[in-house]
Every structure is written in C-alpha cells, then in structure tokens.
S.K.: 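I'd like to ask you about the structure that follows.
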Number of protein chains: 2
Amino acid sequence: MKTTQNDATDLSAQIAKAIRDAIIDGKLIVDERLPSEAELADQFSVSRPTVREALKRLAAQSLIRTQRGAFGGAFVNRIAYPDAYGQQITTSTLLLSMNDISFDVACEARFAMERACAPMACARRTADHLATMRAEIHRQSQVGLSDESWCASDVAFHRALVDAANNPVLSYQLAGSVEAMQPLMNMITFTARSRERIIDLHTRIADSVEQNHPDECDHRLSELADYTMTLAKNVIDMRRTSAST
Amino acid sequence: MKTTQNDATDLSAQIAKAIRDAIIDGKLIVDERLPSEAELADQFSVSRPTVREALKRLAAQSLIRTQRGAFGGAFVNRIAYPDAYGQQITTSTLLLSMNDISFDVACEARFAMERACAPMACARRTADHLATMRAEIHRQSQVGLSDESWCASDVAFHRALVDAANNPVLSYQLAGSVEAMQPLMNMITFTARSRERIIDLHTRIADSVEQNHPDECDHRLSELADYTMTLAKNVIDMRRTSAST
DNA sequence: AGTTTTCATTTGTCAGACATTTAAAAGTCT
DNA sequence: AGACTTTTAAATGTCTGACAAATGAAAACT
C-alpha cells in the first residue's frame, strides 16, 4: 500500500517546508537572519547544496531574501504588495490557461468581484483615479489601436476602477483576476463597433463613479460583463463552425 | 543604457525566469518534458547544481514536477486548484500578517467579495452545501468549543457559502481572503454572547441561501461584517487601554 | 580623527562522484 | 508465442571539496 504522502519527498522540500512553517507560525520574524547555509546543513544533517535548494524554493515564494558577504545570509522577507501581485498574477494566469476553464466562468468571477468594488470606488475615488480612467478611455478611442494595446488599456482602466476603492487588499486580489483574463481577452477580435460599445460603457462607468452613483455603476458593469461574454461566444461559435467545415 | 534590470541577479534566478517565461508564453506546454539537468547545464553554460537551484525555484511555484529514473526528468506541470489554493493562502496570510494591514481593511475586502458570491450561492447551492453550512452552525453551538475550533468552523462555514456559488475561480480567489483572515480572527476572543449573535447571523444566512433570498443574504453578511469589525475594535481598544495604564 | 587596507565570513558557482529510482530492453522459462 | 525475470541505461537526489566574489568589520596607517 503506497500512501503517496510526503515520506518520499525530497530532503530540500522537507527543509523548505520546515522553515516555511516556522515563518508562517511566527517563529521567525521579519528581517530575522536565518543560520548560515553551513549551520543549516549541520542542523538538518544534510549537505550544503541540499540546503541551498531548500532556500531557493523559499526565495521563489519571496519568503526570504539573501545577501552575500560577511554578516550576509538569508533573511525573512517582508512580503510587499508588488511581490504578492506578481505571484497572484502568475498563478492565476497559468491556472486559467492550463485548465480549460470556460471563458464564462472566469468572466463571471472577475466581474462579480469588480462589481463588489464599485460602491467603494464611487465613495472614495480621487481625481487621480478618475483621470486615469478618462485617459484610458481616450486611448481606447484612437483609431488604428492594435488589439494588444486595446486589451492593455482595458486592463488599465479596470485596475484604476478597482484601485479607486482604496482597499489595497482588494486591489491585490483583483489583480490576479483582471490581469489573468488578458490572454483570454486577447483571443477576442474587437471590431470597431464592439469597441465603440465598450467605450460607451466605460464612459458611463467613469461618469457614475465620478457622480457617486453606485447602482448605475453596478448596472453598467453588469452590462459590460454580459456584452463581453456575448463577444466571446461569437468568437467560439465562429471557430467551431469553421473547424467543422 | 541599461539592458533590462539587474544583471546582478543569480544565475539560477535568471535561468528560472527564462524557463518560467517560456511556460507562460506557451513555448513549453503542459506535460512536456524539459531537457535533462545535464543538457540544461550545457545549454545555459552553467553547472548542474545551478540548474537544479533554478528547477527547485520553479517546483516551489508548482510550475514543474520532477520524476526520477530513466525517462524521468522535469515536466511542465498543470497547475491544479489545490496547488493554486495553497499558494494563494500562503501569500495572503503572510501579506496580512507582515504588513500591519488594519483589520478593517482586510475585513472589508473579504466581506465585499463574499457578498459578491451571495446571489450566485442562493441561485445554485446544492443540498451538500446547505448541509455543510448547517453542520458547521451546529458545531458552533457546542459549549466549550475552543477559540481555535470556533474559528476553524467559521472558516468552513464561509467556504461552504463561497463554494455554493459554484464558480471554482471565485472559490480559488476567496480561499486566500477567507483563510488568511483566520490568524487575525484568532486574536479576537469570542464571548458566549458574541458567539450567539454570530450563530444567529449564520443561521439567517443559511436560511436565505436555502430559500433563495439574495437580498436578505447580502444584508445579513453586511451585518456580520459590521459586527466582526465592532468586536475587533473592542479588542484593540481594550489592548490600548491596558497598554497605556 | 579620518582614510585605507586587511581579513574573516558568507553566499554563488563549479567539478566530480556515488546512490537511488525507474522503465525499457534483453533474456529466460513455460 | 507469451509471460515472467533480470539486466541496464538514463535520470534525479545527494554529498564532498573547492574556489570566486561580495561585504562589512576590524586593524593598520596616515
């Protein structure tokens, strides 16, 4: 009977887990220095390369940072928002692209969360956030904008909306959803007509945020979600048709 | 003219980045086998330990898995929900615990997203989800339940609510928020009276989900959010008072 | 006192070796 | 021929020992 459990895991994985748990449990606090690689090798009764592999695993998760030289070493890292953003985006992107999750499911999740931000965005938006949203709308109106630039601007618009809620935790959570959708969105070819429609909705959303009309904002986001899913469905239908002929 | 960023990064980090980018860009597809460590060492003109450190970095992010033996090697991994959940929870937990984010901000973000799930949960919940919610409510009613068990049951209840929305992407996103709050919640001492109040709200939430009353559900979640923040504020005030005397 | 040099410590990298695992290939028996 | 066993090659996992490079502290020197 094989348990498929962690008896058979690498030593470096076990050591990484031990240190990771110590950090999560607060036994190692931020900026605290870990023992040197040689000392860790002694403590865990393994060789230095094995310890190093464990430390690299932790570094990949931004749990530690290393510094060379005397009095250098591995230090418990304070996970900052940019680190967390990056990991969130990488993981979410791959989760979506590798698991043939339907466009609808991803889209629904994303807009559900975005709509949750709307009331706060209306109440707290600064002039900066509004300016960013307007600027992106303006960019979207330019003729001859490539599909990639269009999608990038779309992401920037929605991130400004989320940031307007002025809750960094929400911004962090949403970063994954919004950015991870971009590869999926890039598969949609936005015609001039559909761009026009989306720009109109973006404008109404920006207006409602400016005038603090959360219900209107929620409604327009809802419309945008529906319209996005319709566009996606058309693309998928067309592909299926052309593939079957 | 600077080339890109810091040429001063580790070789193993550079190699990991190169491979990671190849995976994200789709140049390496799921289940594809990477060259052996010896071959990679040749290709990148580094030694095998350095290549191994790079591979361990990728393994820590669940981007690859390795297999020993002939015809083994490193394979591009399909990131599954459990992997993504785990990373999401680790990152979120540390982000919250290390950056003195106020309880209110974290709580607001979490309940905003949870309320976004409410309408879907009402529409799609199965008997299973309801049963889990009821079971957790029952556990919460037991006298002499430790604070840890109480909080664990609280998490389980809310996860059941989120899962009832039947959108795995939402479940994944919420996992981080809900689980990461647990250490913060553990700091609150729940008196018998406050537990009673929360159980009452949980019951009303479960009822509204069962009877498909999204507005009622939203309202009670809102109440729960407010009440949780009130409890936290009391704890913080008491600490401040006792600290200043 | 201020500057420069030395120096010990620690991470980064390399080379080579052996152990262990694994599945394919070869061999053996019925 | 088919089923079972043994061999074997390839790959990762681990270890030893070594050297390079960075870095800050202490010592030496103006």
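Within every chain, numbering begins at 1; the chains are lettered A, B, ... in the order of the sequence lines, protein sequences first and strands thereafter.
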S.K.: Are a donor atom and an acceptor atom from the side chains of A:Gln87 and A:Thr90 found within less than 3.5 Å of each other?
M.R.: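 A:Thr90 and A:Gln87 do not have a side-chain donor-acceptor pair below 3.5 Å.
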S.K.: How long is the line joining CG of A:Asp42 and C1' of C:dT10, in whole Å?
M.R.: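 Rounded to the whole Å, the gap is 15 Å.
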S.K.: Which value, rounded to the nearest 0.5 Å, describes the distance between B:Ile101 atom CD1 and B:Leu95 atom CG?
M.R.: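 Answer rounded to 0.5 Å: 4.5 Å.
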S.K.: Are a donor atom and an acceptor atom from the side chains of B:Asn77 and B:Ser62 found within less than 3.5 Å of each other?
M.R.: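 Not at all, the side chains of B:Asn77 and B:Ser62 share no donor-acceptor pair under 3.5 Å.
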S.K.: Under 3.5 Å, is there a donor-acceptor pair linking the side chains of A:Ser92 and B:Tyr172?
M.R.: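 Short answer, yes.
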S.K.: Within this structure, what is the CZ-to-P distance between B:Phe71 and D:dT8, rounded to whole angstrom?
M.R.: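 Nearest whole value for this atom pair: 17 Å.
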S.K.: Start with the C-alpha distance between A:Glu114 and A:Arg110, add both sets of side-chain angles, then the distance that settles salt bridge (charged side-chain N to carboxylate O under 4.0 Å, His left out), and finish with yes or no.
M.R.: CA-CA 6 Å; A:Glu114 200 165 332; A:Arg110 178 218 156 145; 3.1 Å; yes
S.K.: Sort me out a list of protein N/O and nucleotides 11-16 of chain C N/O pairs below 3.5 Å, or just none if empty.
M.R.:
| unit_1 | atom_1 | unit_2 | atom_2 | d |
| --- | --- | --- | --- | --- |
| C:dT11 | OP1 | A:Glu37 | N | 3.4 |
| C:dT11 | OP2 | A:Glu37 | N | 3.2 |
| C:dG12 | OP1 | A:Thr66 | OG1 | 3.1 |
| C:dG12 | OP1 | B:Asp10 | OD2 | 3.4 |
| C:dG12 | OP2 | A:Arg52 | NH1 | 2.9 |
| C:dG12 | OP2 | A:Arg52 | NH2 | 3.4 |
| C:dG12 | OP2 | A:Lys56 | NZ | 3.0 |
| C:dG12 | O6 | A:Arg48 | NH2 | 2.9 |
| C:dT13 | OP1 | B:Leu11 | N | 2.8 |
| C:dT13 | O4 | A:Arg48 | NH2 | 3.2 |
| C:dC14 | OP2 | B:Ser47 | N | 2.9 |
| C:dC14 | OP2 | B:Ser47 | OG | 3.1 |
| C:dC14 | OP2 | B:Thr50 | OG1 | 2.8 |

S.K.: Kindly indicate, with the supporting measurements, whether the criterion side-chain contact (heavy atoms from CB on, under 4.5 Å) is fulfilled by A:Met120 and A:Asn166.
M.R.: CA-CA 8 Å; A:Met120 291 175 243; A:Asn166 198 32; over 6 Å; no
S.K.: Say whether B:His129 and B:Thr132, considering side chains only, have a donor N or O and an acceptor N or O under 3.5 Å apart.
M.R.: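 Side-chain D/A pair, B:His129 to B:Thr132: absent.
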S.K.: State, without any angle test, whether A:Gln173 and B:Gln88 hold a side-chain donor-acceptor pair at a distance under 3.5 Å.
M.R.: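 A:Gln173 vs B:Gln88: donor-acceptor pair found between side chains.
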S.K.: Below 3.5 Å is the cut-off: list the nitrogen or oxygen pairs between protein and nucleotides 4-8 of chain C, distance only.
M.R.:
none

